[in-house]
**Student:** 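My questions will all concern the structure given below.
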Amino acid sequence: MVEFQLLDVDYVNVNGKPIIRIFGKTEDGESVCAFYENFVPYFYAEDGADRVLEGEPQVIEMERVTKKMVMGYNVTKQLYKIKIKDPSKTPELRERLSASGIKTYEADILFKYRFLTDLDMQCLGWIRTNVDNGAATNTVSVDKKIELKDMEKLDKEKDAPLKIMAFDIECIAMEAGNVPDSKTDPIILISVVFSEPYKGQKSMVLGTRTGRGVNPYTSEKEMLEGFVNIINEYDPDIITGYNVNNFDIPYVVERMRQNKVKPVFGRCNEKQVMARKIGNRYKVSISGRIIVDSFELVKKDFSLKRYGLDYVSQNLLNEKKVDVKHSEIERLWKGSTEEFEKLVNYSRVDSVLAMNLVQKLNLIDKYVALSKISGTLLQDTLNMGETTRIENFLLREFNRRGYVYSGRPNQSEVSRREKNRRKELKGGFVLEPEKGLHSSVLVLDFKSMYPSIIRSFNICPTTLLTNESQEPPEDVITTVAGTKFVSKNVKEGIIPHVLEKLMKKRQETKRALKKEKDPAKKKSLHARQWALKILANAFYGHMGYVRAKIYNLDIANTITSSGRDIIHKTKTEIEKKYGYKVVYGDTDSVMVKVDNETDMQKIRQIGTEISKHITEKLPGYLELEFEKFFKQFLPLTKKRYVAWKFEPDGDGWQEGIEMKGIETVRRDWCDLVSETLSEIIEIILKKGDVKGALEYFKSVIKNLMRNKIPTEKLVITKTITKAPGKYEGIQPHIEAAKKITARNPNEAPGIGDRIGYVIIKGTDMLSKRAEDPTFVAERGIEIDPKYYIENQLLPPMERIFSVLSISKSELLGNGKQMGLMEAINNYNETNHIKVLPRTETNGFICTKCSKFYPRIPLVGTCECGGELAFSSPKGMVKQVTL
DNA sequence: TGCGAGCGGGG
DNA sequence: GTGTACGCTCGCA
């Protein structure tokens with residue numbers, strides 16, 4: 001008997017017959033490959049297929065079947081179920097049929113998914129088989145080979161232990177300053193890190209130079225062969241590294257090709273590792289193993305200013321890279337023993353960090369949970385988007401109930417949909433926010449609004465009444481959008497049904513999570529409830545996604561218009577019944593100003609009371625919830641606000657600053673901006689002191705004018721993206737790079753390097769005044785305060801103050817809300833810029849050439865010399881006086 | 001405001 | 001492999 005957990009599936013063609021291979025792992029950590037024969041590929045096609053495929057040798061059998069269609073209530077069709085020999089011939093047959101105007105169904109389901117769906121097997125699910133014989137094949141390299149004859153699916157929560165291997169390569173670019181080219185530039189070092197010791201070692205560095213801690217090889221070819229052997233012997237389930245998908249793996253594969261080394265380090269001895277270029281990215285696959293690119297996962301899961309390995313490991317792991325610049329690698333490689341050792345260590349640490357990111361941040365937990373729920377293979381869950389998961393999930397649910405799933409839209413269908421969607425799909429309801437700083441605001445949210453709407457109105461392609469629907473029944477729900485769905489009594493929609501299952505499972509999981517003490521189980525339960533939420537929330541978006549197989553604009557519109565209707569009614573009811581003002585609302589939430597109530601007990605009570613009342617009045621499963629309390633709430637525009645929030649936390653409250661649509665960290669801002677912005681927001685919200693915030697802003701400007709701000713806070717960072725000569729315009733970071741190069745040709749920055757610079761005083765054009773911060777600090781060169789005030793500080797600060805200057809004019813002295821302008825003029829007499837309060841304006845427009853500016857340009861006039869006027873969505877408003 | 005181009009990470 | 005595969009930021013009108 002063997003029990004194993006399913007990790008990956010593929011198939012091989014043996015004598016014209018496909019054999020499914022299931023790669024898995026036992027609880028003891030043995031790798032398994034189970035072969036499943038006699039699974040026949042098939043698809044469906046409409047009438048006429050018999051004629052077109054007459055005499056086709058691929059066809060084994062054509063069976064007449066009646067299938068339910070996904071789109072429209074009670075639509076059935078007579079189809080042919082066409083069984084064929086070779087799954088890879090399907091596209092060809094599909095195209096032939098389609099050329100004759102015959103529609104096909106499920107002819108775009110990958111064979112491995114056809115298998116998983118029909119046998120109802122889950123990725124990471126457990127399988128038990130009584131056969132324990134080694135299958136007679138040496139095409140795979142695993143601990144156990146099994147012929148899968150009789151099997152049983154097990155309901156087992158436990159996960160098999162997965163072996164991880166991280167690696168990183170170093171190479172030297174022939175052309176200095178360029179990224180190495182795998183066609184010409186050899187690999188010099190490969191570092192490898194193991195999650196379980198391999199030959200007693202936690203890590204290894206392979207190299208073509210001898211030295212301490214290096215496994216030496218006489219040539220690159222030999223080293224690559226050594227690398228292949230290590231992988232195959234260690235037999236990892238997961239291969240990771242930083243940017244392995246788009247750099248290391250394609251690079252290694254190409255070097256192997258150059259050196260005539262077979263890139264075979266998957267669990268199949270016959271399949272080479274694939275690294276195919278698609279667009280400007282690579283798609284890589286290693287059969288039987290899972291590639292986890294820690295760079296791509298970090299980028300998806302964490303919001304950071306930068307994603308370089310140095311920055312990422314510093315910020316997420318609090319671990320440091322060995323400090324080696326790319327330009328130094330060649331020198332270290334050719335240098336002294338010590339220098340070489342530094343390089344070896346540098347390489348090793350990079351692999352360690354890639355491994356630590358995966359392990360310490362639990363990067364794959366979420367994807368494991370998503371795979372288990374959606375039935376998508378882990379590798380696909382990692383690489384692909386939500387669409388794949390939803391479609392894999394729904395294929396099972398629809399097939400199980402006698403439906404044949406719709407096909408993927410072709411390019412022309414996609415563009416047709418895109419055109420209509422832009423015109424016709426209306427989004428959620430966003431209330432124009434009441435201007436000003438509000439105190440005591442309740443935030444009430446609809447719990448999973450769109451899923452609840454879908455369930456409440458039984459919204460599903462299979463319940464939608466279309467003109468193809470047979471015998472429209474009496475019991476019909478007419479939605480606010482005018483669409484009609486049969487009620488649940490007549491027939492429960494599949495999507496509402498699965499949503500109910502998912503939402504209930506989530507509640508159960510959350511309950512279990514509360515009781516669970518074991519940290520490992522807690523982690524997996526947490527990931528599970530998260531994945532259930534993500535999947536449930538994705539259905540609405542999916543049906544409104546133009547590439548979805550079950551795209552339906554009417555359904556998407558029904559969901560959003562129901563949402564708008566509900567929010568609208570909620571607002572009206574709250575204002576009518578309680579006399580409170582709804583100051584803002586967005587899609588599924590309303591913000592209610594509760595006079596100036598500050599008693600937290602009372603707040604909670606009012607919030608609960610309103611939610612309860614509204615919930616009772618609403619149809620179906622819709623539920624309004626008291627989410628949190630904003631002690632101070634400052635809306636800037638739709639979708640953008642800052643607030644001092646208090647979230648209920650047991651009997652107490654969790655306090656914090658919430659910012660929506662406002663970034664305090666942006667890569668093109670220097671630290672001074674982020675710091676000042678955060679500070680000002682904090683003063684306004686927590687102290688309610690707009691004047692104080694203004695004073696603070698003035699003091700920052702004062703310090704800037706007196707050259708008292710540390711240079712490092714003024715550094716702006718940009719990446720060199722192409723050769724210096726290829727830049728058309730003059731750009732500050734390029735000018736700074738030129739200066740660095742001129743002073744020290746050894747340190748010349750190249751393509752891909754990030755350049756930090758500051759803007760110094762002078763008469764040259766701005767870009768020419770960009771300077772190396774170290775140089776500026778050493779020489780005590782004066783920075784240009786005007787630049788920092790106008791280009792860096794002012795735009796974000798003005799966004800905050802402009803909404804306040806109107807509503808809080810009493811604080812600044814009546815009619816003298818130009819405080820910000822004064823602040824600047826006090827310290828800079830030559831300044832021409834006036835900050836005007838933003839009322840109905842969305843920017844500025846030239847009176848002469850009509851060029852639009854979101855903000856007043858520095859020079860105060862348009863490029864063409866024309867004068868600027870306020871622009872509003874309704875047109876030009878009034879003249880700007882400068 | 002609304003859209004298209006272009007780049008990220010890696011050495 | 002029953003393949004065709006981003007997603008955000010920035011500059012420009």
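Each chain gets a letter, A, B and so on, in the order the sequences are listed, and its residues count up from 1.
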**Student:** Over all strands shown, is A:Phe43 touching base, sugar-phosphate only, or nothing at heavy-atom distances under 4.0 angstrom?
**Tutor:** nothing
**Student:** For nucleotides C:dT2 and C:dG7, find the distance between their C1' atoms and express it as a whole number of Å.
**Tutor:** 28 Å
**Student:** What closest approach, in Å, do A:Lys300 and A:Tyr367 show between heavy atoms, and which atom pair accounts for it?
**Tutor:** CD-OH, 3.7 Å
**Student:** Taking the six-membered ring for Trp and the single ring otherwise, decide whether the centroids of A:Phe247 and A:Tyr242 are under 6.0 Å apart.
**Tutor:** no
**Student:** Among B:dG9, C:dT2, C:dA5, which is the nearest nucleotide to the side chain of A:Ala107?
**Tutor:** C:dT2
**Student:** Looking only at atom C1', what distance separates B:dG9 and C:dC6, rounded to whole Å?
**Tutor:** 14 Å
**Student:** Answer with yes or no after comparing the ring centroid distance for A:Phe167 and A:Phe227 against a 6.0 Å cut-off, counting only values under it.
**Tutor:** yes
**Student:** Measure from the side chain of A:Ile278, starting at C-beta and using heavy atoms only, and say which of C:dT2, B:dG9, C:dA5 lies closest.
**Tutor:** C:dA5
**Student:** Between A:Arg281 and A:Asp168, which has a closest nucleotide on DNA chain B that is more 5'?
**Tutor:** A:Arg281
**Student:** Of the nucleotides B:dG10, B:dG8, C:dT2, which one has an atom closest to the side chain of A:Arg94?
**Tutor:** C:dT2
**Student:** Quick check for you: among B:dG10, C:dT4, C:dA5, whose closest atom lies nearest to any side-chain atom of A:Arg547?
**Tutor:** C:dA5
**Student:** By the 4.0 Å heavy-atom rule, please label A:Tyr251 as base, sugar-phosphate, or nothing.
**Tutor:** nothing
**Student:** When all nucleic acid strands are considered with a 4.0 Å heavy-atom cut-off, which category describes A:Tyr42: base, sugar-phosphate, or nothing?
**Tutor:** base
**Student:** Using the side-chain heavy atoms of A:Pro91, tell me which of these nucleotides is nearest: C:dT4, B:dG10, C:dT2.
**Tutor:** C:dT2
**Student:** By the 4.0 Å heavy-atom rule, please label A:Asp350 as base, sugar-phosphate, or nothing.
**Tutor:** sugar-phosphate
**Student:** Does A:Arg21 make a cation-pi contact with A:Tyr36 (under 6.0 Å, within 45 degrees of the axis)?
**Tutor:** no
**Student:** Between B:dG9, C:dT2, C:dA5, which nucleotide has the shortest distance from any of its atoms to the side chain of A:Met384?
**Tutor:** C:dA5
